[in-house]
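These numbers come from a predicted model, not from an experiment. FYI, the numbering just counts along the sequence from 1. Below, each value reflects all heavy atoms present in this structure, side chains not excepted, and no hydrogens, waters or symmetry copies.
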Amino acid sequence: MSLSRLVNFDYRRERQIRVAKIPLTRLQDRHNPLEWFNAVEFKIRYHMYKETAIFVTDLISQDLSCRVPRGVHIPPIIQFLTVLRFFATGNFQTDNADLHQMSQPTISNLVKRVSKAIAKFRSRFIQFLNFQEADKVQQEFYKIAGFPGVIGSIDCTHIHIISPGGNDAELFRNRKGRFSINVQATCDASLCFTNVVARWYESAHDSRIFENSLLFDDSQDGRVPGLLVGDGGYPLLPFLLTPFEPPRTPSEQR
């Protein structure tokens with residue numbers, strides 16, 4: 001080995017040793033919202049109970065344990081609560097960054113990371129009812145409004161997104177001038193999601209989304225153990241009840 005290469009090797013080796021001695025950057029003086037806020041204050045700010053936040057964090061902690069880009073270590077619970085606050089308030093990422101003493105790119109990375117970690121459990125928690133579970137849910141719905149045989153309520157909602165670009169971008173613009181997707185969801189009597197379809201652009205009508213879903217095919221073929229209830233955006237079908245417009249008799253009003 002030549003003298004110049006040896007000197008260069010020694011320099012690089014010394015530099016590696018110096019870098020290894022640099023302490024890992026950690027976020028200091030950050031209050032844990034679980035400890036800082038009481039139950040009521042926490043629910044107001046994060047739209048979730050503390051017990052639920054701890055449960056979700058335990059589920060996804062393995063995916064959140066690796067270091068965030070830029071070398072900053074953030075505990076999994078702080079990552080989840082930061083993203084939860086962003087979802088709950090709808091504020092800009094810059095506002096959430098100032099609130100949590102982070103940079104906007106860090107907030108953006110956390111939103112992607114936490115969202116992907118939660119989505120991995122969709123098949124575990126979003127499951128449509130089987131025939132064994134139908135009787136209990138039908139009884140719960142009957143207690144609410146006296147409707148027999150109902151196992152789910154269906155509707156669509158708009159979820160705002162950034163413009164996807166391309167020739168079809170305007171299909172995602174809603175009547176308020178913002179871009180969104182039209183998400184169909186069904187829930188049981190306890191307001192738990194049992195089916196979600198999140199792939200249609202904003203201009204797609206609710207009935208079109210339903211008629212092109214697997215839930216519609218299963219309902220037609222008799223694989224759904226009960227009836228669905230929806231609003232006037234859906235057609236009246238043997239397996240889907242919609243309101244009378246306008247109701248005329250006392251029974252229709254009920």
Side-chain angles (χ1 to χ4, degrees), residues 24-127 144 153 155-163 172 174 176-196 198 202:
L24 178 65
T25 301
R26 293 181 180 270
L27 298 176
Q28 301 292 335
D29 300 327
R30 182 181 303 282
H31 294 294
N32 187 341
L34 290 173
E35 301 175 357
W36 185 254
F37 299 114
N38 61 38
V40 176
E41 294 172 339
F42 185 89
K43 181 65 164 57
I44 292 174
R45 288 166 174 80
Y46 292 93
H47 296 195
M48 183 178 288
Y49 294 106
K50 287 186 177 183
E51 294 78 7
T52 307
I54 295 173
F55 173 76
V56 176
T57 303
D58 290 341
L59 284 177
I60 63 177
S61 59
Q62 185 175 357
D63 292 326
L64 306 183
S65 59
C66 58
R67 191 184 308 175
V68 177
R70 301 175 183 268
V72 179
H73 174 76
I74 305 175
I77 185 62
I78 301 300
Q79 294 184 48
F80 174 68
L81 292 180
T82 300
V83 176
L84 182 61
R85 185 68 177 266
F86 171 71
F87 288 151
T89 61
N91 291 339
F92 289 106
Q93 291 184 359
T94 303
D95 295 336
N96 283 273
D98 295 340
L99 177 65
H100 295 91
Q101 301 177 16
M102 300 180 188
S103 65
Q104 182 276 324
T106 299
I107 298 294
S108 179
N109 289 329
L110 291 182
V111 170
K112 295 177 182 178
R113 166 184 284 196
V114 173
S115 299
K116 290 180 179 180
I118 294 175
K120 289 182 179 180
F121 292 90
R122 62 188 181 276
S123 59
R124 173 177 173 180
F125 294 99
I126 304 178
Q127 296 181 355
I144 295 175
S153 176
D155 201 1
C156 288
T157 185
H158 295 285
I159 305 298
H160 295 298
I161 62 171
I162 298 175
S163 172
F172 293 86
N174 58 35
K176 296 182 179 180
R178 303 176 63 181
F179 293 93
S180 63
I181 58 175
N182 198 4
V183 178
Q184 173 186 282
T186 62
C187 69
D188 59 18
S190 300
L191 303 182
C192 293
F193 288 117
T194 56
N195 184 271
V196 175
E202 185 281 334

Report task. Give the C-alpha distance, both sets of side-chain angles, the deciding distance and a yes or no for side-chain contact (heavy atoms from CB on, under 4.5 Å) between L59 and R124. Result -> CA-CA 11 Å; L59 284 177; R124 173 177 173 180; 3.4 Å; yes
Query raised in the report: What pairs with S61 under side chain to side chain contact (heavy atoms under 4.5 Å, CB included), at least two apart in sequence or on another chain?
Result: P76
Query raised in the report: Around F37, counting heavy atoms of other residues, nucleotides and ligands shown, do more than 12 lie under 6.0 Å from its CZ?
Result: yes
**Report entry** Taking every non-hydrogen atom, the tightest pair across T82 and I107
**Finding:** CG2-CD1, 3.4 Å
Report task. Check the pair L81 / T57 against side-chain contact (heavy atoms from CB on, under 4.5 Å), numbers first and verdict last. Result -> CA-CA 9 Å; L81 292 180; T57 303; 5.8 Å; no
Report task. Would you give the length of the straight line joining atom CD of Q127 to atom CZ of R122, rounded to the nearest 0.5 angstrom? Result -> 12.5 Å
Query raised in the report: CD1 of I159 to CG of N182: how many Å apart, nearest 0.5 Å?
Result: 9.0 Å
Query raised in the report: Roughly how far, to the nearest 0.5 Å, is NE2 of H158 from NZ of K176?
Result: 8.5 Å
Requested in this report: Go through V196 and Q184 one step at a time and tell me if the side-chain contact (heavy atoms from CB on, under 4.5 Å) criterion holds.
Outcome: CA-CA 6 Å; V196 175; Q184 173 186 282; over 6 Å; no
**Report entry** L34 CG to I54 CD1 distance, which is reported to the nearest 0.5 Å
**Finding:** 5.0 Å
Report summary line: Note: F172 and E202 closest approach over all heavy atoms is O-CB, 3.6 Å
Report task. Could you tell me which non-hydrogen atom of A117 sits nearest to which non-hydrogen atom of L64, and how far apart they are? Result -> CB-CD2, 4.4 Å
Report task. Test F121 against I60 for side-chain contact (heavy atoms from CB on, under 4.5 Å), laying out the working first. Result -> CA-CA 9 Å; F121 292 90; I60 63 177; 3.9 Å; yes
Query raised in the report: What heavy-atom pair brings F179 and I162 nearest, and what distance separates the two atoms?
Result: CB-C, 4.4 Å
**Report entry** Under 3.5 Å donor-acceptor, T194 side chain and D188 backbone
**Finding:** no
Query raised in the report: Taking side chain as C-beta onward, heavy atoms only, is T106 less than 4.5 Å from I74?
Result: yes
Report summary line: Here the salt bridge (Lys or Arg N to Asp or Glu O under 4.0 Å) pairs for residues 39-64, sequence neighbours left out, are D63-K120
Query raised in the report: Should the heavy atoms of other residues, nucleotides or ligands under 6.0 Å from OH of Y49 be counted, would the total exceed 12?
Result: no
Report task. Output all residues satisfying side-chain hydrogen bond (donor to acceptor under 3.5 Å, both in side chains) with S180, sequence neighbours left out; order by chain, then residue number. Result -> N174
Report task. Heavy atoms only: give me the nearest P33-I78 pair and the separation to one decimal. Result -> CD-CD1, 4.0 Å
Query raised in the report: Counting N and O atoms only, with roles assigned by atom type, does the side chain of Q79 sit under 3.5 Å from a partner on the main chain of V114, one being a donor and the other an acceptor?
Result: no
Query raised in the report: Do you know the tightest heavy-atom contact between V111 and S115?
Result: O-OG, 2.6 Å
Query raised in the report: Taking C-beta and beyond as the side chain, do M48 and F87 meet within less than 4.5 Å on heavy atoms?
Result: no
